[in-house]
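Within every chain, numbering begins at 1; the chains are lettered A, B, ... in the order of the sequence lines, protein sequences first and strands thereafter.
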4 protein chains.
Amino acid sequence: MEAAIAVFGEHGFRAATLEEVARRAGVSKGTVYLYFTSKEDLFRAMVEKKIVPLIEAGEASVRDHVGTSADLLHQLMCRLWERIARPDMVHLARVMQAELNHFPELKRLYFEQVIQRQRRLLRTIAERGVAAGEFRPEAITLVPMMVPSLILHLNQYRFLFGDLDRGLPTSDATRELVFSLVLDGIRTPSRVPRGKKG
Amino acid sequence: MEAAIAVFGEHGFRAATLEEVARRAGVSKGTVYLYFTSKEDLFRAMVEKKIVPLIEAGEASVRDHVGTSADLLHQLMCRLWERIARPDMVHLARVMQAELNHFPELKRLYFEQVIQRQRRLLRTIAERGVAAGEFRPEAITLVPMMVPSLILHLNQYRFLFGDLDRGLPTSDATRELVFSLVLDGIRTPSRVPRGKKG
Amino acid sequence: MEAAIAVFGEHGFRAATLEEVARRAGVSKGTVYLYFTSKEDLFRAMVEKKIVPLIEAGEASVRDHVGTSADLLHQLMCRLWERIARPDMVHLARVMQAELNHFPELKRLYFEQVIQRQRRLLRTIAERGVAAGEFRPEAITLVPMMVPSLILHLNQYRFLFGDLDRGLPTSDATRELVFSLVLDGIRTPSRVPRGKKG
Amino acid sequence: MEAAIAVFGEHGFRAATLEEVARRAGVSKGTVYLYFTSKEDLFRAMVEKKIVPLIEAGEASVRDHVGTSADLLHQLMCRLWERIARPDMVHLARVMQAELNHFPELKRLYFEQVIQRQRRLLRTIAERGVAAGEFRPEAITLVPMMVPSLILHLNQYRFLFGDLDRGLPTSDATRELVFSLVLDGIRTPSRVPRGKKG
DNA sequence: CATGAATGAGGTTTCATTCAT
DNA sequence: AATGAATGAAACCTCATTCAT
């Protein structure tokens with residue numbers, strides 16, 4: 001039923017009609033009101049349904065990770081990228097950016113349960129890297145701020161202008177570029193001159 | 001009259017009513033139709049009015065710049081930031097991301113006249129830096145992709161969650177963080193260990 | 001529901017308001033749109049609903065008629081008159097004359113399915129009369145052209161100026177006058193001088 | 001200025017816009033209101049302007065006519081036909097049929113000054129023909145009723161369906177058919193068998 | 001005289017929401 | 001539990017009419 005999330009994603013909150021939601025869900029318009037008290041309520045429920053998995057995306061792995069912090073960061077970025085680089089998520093992000101200001105509780109929920117947790121997770125990794133002498137101290141500020149921004153926006157860009165922009169790197173290549181940029185920005189300078197690195 | 005751009009910025013295209021646009025403009029509903037043939041037309045005109053200045057924002061300065069490429073990049077980023085970090089521009093960017101898919105000509109216009117030009121400008125700077133041995137070759141790919149993304153999204157974040165996120169750095173501080181991240185990611189490794197730099 | 005045809009008949013297409021149509025139908029404005037996609041669609045549907053019976057008004061009777069062709073013609077004219085001399089039909093004819101040019105498909109439908117069929121029917125009768133030596137050859141041209149014209153226009157006249165024109169003959173008397181005029185115009189001259197006829 | 005009568009003719013009263021009237025007249029919308037107090041007033045004025053010539057179309061000729069009454073009738077029918085078989089007149093007739101019920105004074109004016117005079121004129125001719133033994137007494141009823149009906153409606157038919165109806169006789173031929181039909185219907189039977197006539 | 005910018009009532013159309021079945 | 005016909009408020013848009021210039 002709620003799989004008719006697509007409608008909000010395609011048209012946005014205002015332009016989406018319950019008619020279409022109901023049709024795609026294979027039920028009648030009236031039936032929607034048996035489960036949701038209003039269009040806003042449906043929207044809220046839809047967002048929450050998509051957010052919950054984001055919330056639950058495990059923080060555990062960070063705690064007992066072995067290996068370099070760079071590896072750990074890479075691993076997390078890959079997981080985030082994977083989750084966000086899907087049409088429904090990009091759509092959701094777009095709609096949320098457009099509508100969240102009209103749904104204060106939803107906004108707070110999203111901020112506290114998704115954004116903040118994600119940033120905290122990223123900060124934890126950064127802190128560990130700094131503690132290990134792997135990252136410079138700036139990492140603690142940089143990583144939680146830049147990583148989500150880049151991941152989100154580059155994917156939105158791809159979906160919005162992908163048809164017009166010839167020569168856009170693949171999604172995976174883009175992800176690796178982001179990773180290397182961030183890593184360059186935070187890693188402690190090695191003795192070895194960079195030229196030799198690769 | 002077009003100062004009623006705010007309405008689209010606040011509500012988006014669908015939710016904005018001509019009634020409110022007219023009221024804020026201090027005219028009657030009918031008057032709007034003397035200048036624009038439809039709501040879509042008004043939207044188009046509004047976007048174009050805001051886009052044209054972006055287009056015209058000079059590319060000349062790049063040509064006859066003296067000083068390091070890093071300085072030049074910093075200078076350009078400051079100008080971009082300045083232009084984007086204003087409420088109306090952030091709103092415009094949000095609405096455009098939400099609606100541009102429904103206005104193909106507008107989308108193309110925006111892409112060709114704003115996005116592509118901006119990227120070309122950034123690439124020119126990157127190329128010059130590479131030629132001068134100041135930047136690594138990756139800069140040519142990295143700069144045009146990451147810089148606009150970061151500038152745009154970090155500002156949108158500030159406007160969307162600024163009220164909830166305690167401890168957000170100031171706008172200028174954020175800008176400098178972006179700059180230093182990018183610079184770290186592209187500059188050729190100097191002999192001098194980084195510790196001495198700052 | 002379609003009984004609210006009256007509104008178009010009274011005011012014409014443009015002047016008729018859906019508000020009034022809905023009110024007379026005893027439903028709300030929105031309900032009309034459950035059954036018709038637009039005002040034009042409602043108009044089309046209304047016209048077609050009134051036209052279909054005209055189309056179906058049988059041509060069979062002509063085939064197996066016994067008696068003089070004059071009798072047959074009289075009989076057909078009576079049937080046509082009867083059908084047209086009703087307020088709703090006169091109204092419909094008036095509105096159609098006013099609006100048909102804006103509805104090309106409707107115009108073609110009306111022409112092919114009503115006008116042409118009617119003329120063909122009348123011509124068949126005329127031809128039979130000519131073949132039987134009862135009518136002069138001119139009948140074949142005259143009858144299909146003049147009969148519908150007279151029937152339609154005299155009835156429209158009655159409805160438009162009936163209140164002002166004292167001394168208008170009754171509807172039936174008018175019909176008989178038309179019949180006798182037409183008959184005089186087409187019948188082969190009998191040996192018997194006309195004076196004796198009446 | 002009032003030559004912008006065409007607009008009412010093309011669109012009807014409701015669909016005609018003062019905007020278009022003004023544009024075609026080469027003046028501004030405001031100017032129209034210097035000469036007419038309202039759209040209705042403009043319509044009234046326009047109708048009256050077209051009606052006055054109809055009224056003035058001489059009755060004198062009838063009084064001092066020499067020749068047969070049939071000739072006189074033919075002459076008058078030709079003049080009527082000529083006047084009506086023009087696009088602007090057909091349009092006017094159509095619009096009037098559609099709108100006259102909403103303009104009672106106009107309707108009365110038209111009826112008394114045009115319709116009745118015309119009928120009186122036709123009756124005078126019929127009476128003279130009867131008195132001269134040329135026409136049968138029925139002519140007095142038939143002529144004023146049938147002649148205007150046929151002239152008006154056949155011309156309207158030509159304008160409405162002329163594009164669809166292949167094989168429509170020319171305007172002049174149609175007029176002569178009408179004349180001969182009417183004449184056949186009213187003339188006293190001659191001794192000479194009809195066969196010899198043509 | 002003439003203009004044309006401005007108005008706002010009124011019309012068509014959409015759609016979230018309700019409710020009898 | 002489910003439906004879908006019905007609603008009516010609200011949106012977009014038109015255009016006859018006014019009025020300052």
Trainee: Could you tell me which nucleotide pairs with dT21(F) by Watson-Crick or G-U wobble geometry, both distances under 3.5 Å, or answer none if nothing does?
Mentor: dA2(E)
Trainee: Can you name the nearest heavy-atom pair linking R86(A) to F159(A), along with the distance?
Mentor: C-CZ, 4.1 Å
Trainee: Please give, in whole Å, the distance from dG11(E) C1' to R23(C) CZ?
Mentor: 14 Å
Trainee: For the pair made of CD in E20(B) and C1' in dA11(F), what is the distance, rounded to whole Å?
Mentor: 13 Å
Trainee: May I have the distance from F36(D) (atom CZ) to dA2(E) (atom C1'), rounded to whole angstrom?
Mentor: 15 Å
Trainee: I want to confirm an ordering. Mapping V32(B) and A16(C) to their closest nucleotides on DNA chain E, which one lands closer to the 5' end?
Mentor: V32(B)
Trainee: Between dC1(E), dA6(E), dT7(F), which nucleotide has the shortest distance from any of its atoms to the side chain of L34(D)?
Mentor: dC1(E)
Trainee: Which of the following nucleotides, dA16(F), dT17(E), dT13(E), is nearest to the side chain of L18(C)?
Mentor: dT13(E)
Trainee: Indicate the atoms forming the closest heavy-atom contact of A45(C) with F36(C), along with that distance.
Mentor: CB-CE2, 3.6 Å
Trainee: So does S28(A) get a side-chain nitrogen or oxygen closer than 4.0 Å to the phosphate oxygens (OP1/OP2) of dA2(F)?
Mentor: no
Trainee: Might you point out which heavy atoms bring V95(A) and F13(A) nearest each other, and give the distance in Å?
Mentor: CG1-N, 4.4 Å
Trainee: Using the rule side chain to side chain contact (heavy atoms under 4.5 Å, CB included), only one of V7(A), I5(A), V21(A) pairs with M46(A); which is it?
Mentor: I5(A)
Trainee: OP1 or OP2 of dG11(E) less than 4.0 angstrom from a side-chain nitrogen or oxygen of T17(C), does that happen here?
Mentor: no
Trainee: Among the candidates dT3(F), dA2(E), dA6(F), find the nucleotide nearest to the side-chain atoms of V27(A).
Mentor: dT3(F)
Trainee: Rounded to whole Å, please give me the gap between CZ in F13(D) and C1' in dC15(F).
Mentor: 12 Å
Trainee: Counting only side-chain heavy atoms from C-beta out, which of dA11(F), dT17(E), dT7(E) sits nearest to S38(A)?
Mentor: dT17(E)
Trainee: Quick one: on DNA chain F, does G30(A) or G26(C) contact a more 5' nucleotide (nearest heavy atom)?
Mentor: G30(A)
Trainee: Could you state the NE2-C1' distance from H11(A) to dC15(E), rounded to the nearest angstrom?
Mentor: 14 Å
Trainee: Distance from I51(D) atom CD1 to R44(D) atom CZ, nearest 0.5 Å?
Mentor: 12.0 Å
Trainee: Quick one: look up who dA9(F) pairs with, Watson-Crick or G-U, both distances under 3.5 Å, and put none if it's unpaired.
Mentor: dT14(E)
Trainee: Between the side chains of H11(A) and E20(A), does any donor sit under 3.5 Å from an acceptor?
Mentor: yes
Trainee: Establish whether the base of dT17(F) is bridged to the side chain of K39(D) by a donor-acceptor pair shorter than 3.5 Å.
Mentor: no
Trainee: Could you state the CD-P distance from E19(A) to dT13(E), rounded to the nearest angstrom?
Mentor: 17 Å
Trainee: Is it the case that the base of dT17(F) and the side chain of K29(D) share a donor-acceptor contact (distance under 3.5 Å, atom types as modelled)?
Mentor: yes
Trainee: Write down the partner of dT7(E) under the Watson-Crick or G-U wobble criteria, each distance required to be under 3.5 Å.
Mentor: dA16(F)
Trainee: Mind calculating the distance between CG (L42(A)) and C1' (dC15(E)) to the nearest angstrom?
Mentor: 14 Å
Trainee: By nearest atom, which of the nucleotides dA16(E), dT17(F), dT14(F) is closest to the Y33(B) side chain?
Mentor: dT14(F)
Trainee: Does dC15(E) have OP1 or OP2 sitting under 4.0 Å from an N or O in the side chain of R14(B)?
Mentor: yes
